[in-house]
Amino acid sequence: MSALQAVRGTHDHLPETRRAHRRVAEAAHRVTALYGFQEMATPIFEFTEVFQRTLGETSDVVTKEMYTFHDKGGEQITLRPEGTAGVVRAFVANGLQQALPQRLFYQGPMFRYERPQKGRLRQFHQVGVELLGVATPLADAEVIACAAAFLRDLGVAGDTTLEINTLGDAESRANYRDALVAYLRQYAHRLSDDSRERLERNPLRVLDSKDENDQAVVADAPSFLDYLNADSRAFFDGVCAHLAAMGLDYVMNPRLVRGLDYYCHTAFEFTTTILGAQGTVLAGGRYDGLVEQMGGSAVSGVGWAAGIERLAALIGDPEAPPRPVMMVPLGEEAERHALPLAERLRAAGHVVEMTYTGNLKKRLKRADRSNARAAVILGEDELAAGRATVRDLDTGQQDAVALDAVADALGQG
Ligand code: ATP
Ligand code: MG
């Protein structure tokens, strides 16, 4: 351990990174608002039980990845590994089920004790939506459309593919599970240790193993589609029909399962081949049993979450920040005028920075380094005449301008 180094799997967000993340989060906020989602926030830690109860005792997140500790009062606390459990707890605790449907958006840090690698962190960030209280395929198709619109807004829709699958209802899932376990048992000797363990405790998870040998076995596994009962089939056909009506392309992926136990019916992901192994940028699905599991009434839910880091990597270099105007006060009298003038310029919408020391040449160099577009030079002679020199740093052209006309002379920020 070095006290100066951020903990493994966590990152400092210096301004450029922060800008890229903000762009992703703001696009999510803006686009999801068009679909009626309103932002809410829950605490970043909860009683461990909130996640244990909802993510399932056998999920990877609960068995391996949670940051859990006892606080000084002896409570068992977990840093949230994902957003849905907390949103649903808050939904029940605050009586939101009285006013359905609810359309909720959230964003913020999540924590998982994973093996850090490209696109896989211990503190990462998500944006997500939950649509609670709609049991029909319309809702699934609508949240998928919202996800697609978000990715279009970021300009990455062309780099991603929408993959969908259905996990059916409880009956279909039980039938499929039996068939899957029977199939996998034949090849147990070829599975990874992890997957052999999952085979007993949470067999669906074997389907989305990232191990190559596992994937070879899974390639010929039975498909969910052959085990759907009539209701589940109709539900899935409904979702697909709505997607087609909106002109949304998708590919069927019968191996697509969500790692979390409460998912049923629709499961979907937007994936990319550009980011290497960690190619899922947005993932979601339907979770009809979750609200009840949390102690609420039987309320359906469907939603998604997107990884901000992965999307930020996909959009590439963020926009540069607006170019500042640099104040260059030369001498004490000029300094007395510099801050009030800078305040007036900022009030007019200009980004204004200050040079504090050095001669004119040195200060103009500094302005250049800050990518300033203009310098406002305050010298003693000019001040005596109530003026400043406004210098365009791209063309070198400069004019003497009355102090109260500087904001206008700088044009649009
Ligand atoms: P994976 O299969 O990659 O482990 P997951 O099923 O655990 O993903 P979800 O719980 O569905 O992921 O989270 C939704 C999204 O959040 C993912 O698609 C991904 O973009 C992002 N995400 C999940 N875990 C991490 C992580 N450790 N670091 C960075 N982003 C992550
Ligand atoms: Mg994971």
Side-chain angles (χ1 to χ4, degrees), residues 6-11 13 17 20-21 24-25 28 51 54-56 58-67 79-88 106-130 143-144 147 150-151 154 156 159-165 167 194-195 198 202 204-211 214-215 218 253 255-263 266-287 290 301-315:
V7 174
R8 200 163 120 80
T10 71
H11 285 298
H13 293 172
T17 306
H21 284 209
V24 173
F51 303 111
T54 56
L55 304 186
T58 61
S59 70
D60 279 1
V61 171
V62 168
T63 53
K64 294 189 209 145
E65 299 175 358
M66 293 206 307
Y67 275 94
L79 300 184
R80 64 180 184 196
E82 55 94 50
T84 304
V87 167
V88 167
Y106 64 84
Q107 58 175 315
M110 308 293 163
F111 305 86
R112 297 185 193 177
Y113 192 79
E114 306 211 58
R115 194 165 66 78
Q117 51 197 295
K118 184 166 170 266
R120 193 174 290 291
L121 304 163
R122 290 183 173 174
Q123 175 177 336
F124 63 102
H125 298 76
Q126 286 184 337
V127 289
V129 299
E130 314 295 354
V143 301
I144 292 173
F150 163 48
L151 298 178
L154 286 177
V156 302
D159 299 326
T160 61
T161 303
L162 167 59
E163 302 182 21
I164 64 173
N165 191 22
L167 313 178
D194 269 356
S195 283
R198 289 188 194 118
N202 191 356
L204 295 190
R205 280 292 287 172
V206 177
L207 293 178
D208 87 327
S209 165
K210 294 179 177 77
D211 180 279
D214 291 351
Q215 283 178 356
V218 155
N253 177 355
R255 314 283 166 245
L256 199 167
V257 293
R258 307 299 315 136
L260 309 177
D261 280 358
Y262 47 72
Y263 284 103
T266 319
F268 61 93
E269 292 188 349
F270 283 83
T271 58
T272 180
T273 53
I274 296 175
L275 296 178
Q278 267 49 260
T280 303
V281 292
L282 185 150
R286 175 167 282 277
Y287 50 84
L290 180 60
V302 56
W304 51 257
I308 293 183
E309 281 81 0
R310 293 184 195 177
L311 284 170
L314 212 50
I315 61 178

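Numbering of residues begins at 1 and proceeds along the displayed sequence. Atoms within each ligand, like the ligands themselves, are counted from 1 in listed order.
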message: I'd like to know whether the aromatic ring centres of His13 and His125 sit less than 6.0 Å apart in this structure.
response: yes
Determine whether the side chain, the backbone, both or neither of [X] has a heavy atom under 4.0 Å from any heavy atom of ligand 1.
X: Asp208; result: neither
X: Arg120; result: both
X: Glu269; result: neither

- prompt: Going through the checks in order, is the side chain to side chain contact (heavy atoms under 4.5 Å, CB included) test met by Val257 and Tyr263?
  reply: CA-CA 8 Å; Val257 293; Tyr263 284 103; over 6 Å; no
task: Give yes if a backbone or side-chain nitrogen or oxygen of Ala306 is under 3.5 Å from a nitrogen or oxygen of ligand 1, and no if not.
output: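 No, there is no polar N/O contact under 3.5 Å.
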Any N or O of Gln278 closer than 3.5 Å to N or O of ligand 1: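 No: no nitrogen or oxygen of Gln278 is under 3.5 Å from one in ligand 1.
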- prompt: Judged by atom type as modelled, is there a donor-acceptor pair below 3.5 Å linking the side chain of Arg80 to the main-chain atoms of Gly86?
  reply: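 Side chain of Arg80 to backbone of Gly86: no pair is present.
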- request: Quick one: closest heavy-atom pair of Gln215 and Lys210, and the distance?
  value: NE2-CA, 3.6 Å
task: Answer with yes or no whether Gln126 contacts ligand 1, where contact means a heavy atom under 4.0 Å from a ligand atom.
output: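 Distance cut 4.0 Å: Gln126 passes for ligand 1.
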query: Would Glu309 count as a contact of ligand 1 if the rule is a heavy atom under 4.0 Å away?
result: no
- request: Would you mind reporting whether Met66 and Val61 have side-chain heavy atoms less than 4.5 Å apart?
  value: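 A side-chain contact exists here, since the closest heavy-atom pair is under 4.5 Å.
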- prompt: Any idea which atoms of ligand 1 are less than 4.0 Å away from a heavy-atom of Lys210?
  reply: 1 (P), 2 (O)
- request: Within a distance under 4.0 Å of any heavy atom of Val281, pick out the atoms of ligand 1 and give their elements.
  value: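 Atoms satisfying the 4.0 Å criterion: 20 (O).
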task: Evaluate the side chain to side chain contact (heavy atoms under 4.5 Å, CB included) criterion for residues Phe124 and Ile308: first the C-alpha distance (whole Å), next the side-chain angles of each, then the deciding distance (0.1 Å), finally the verdict.
output: CA-CA 8 Å; Phe124 63 102; Ile308 293 183; over 6 Å; no
- prompt: Is the number of heavy atoms from other residues, nucleotides or ligands within 6.0 Å of OH (Tyr113) greater than 12?
  reply: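 No, because the 6.0 Å sphere around OH of Tyr113 holds 12 heavy atoms or fewer from other groups.
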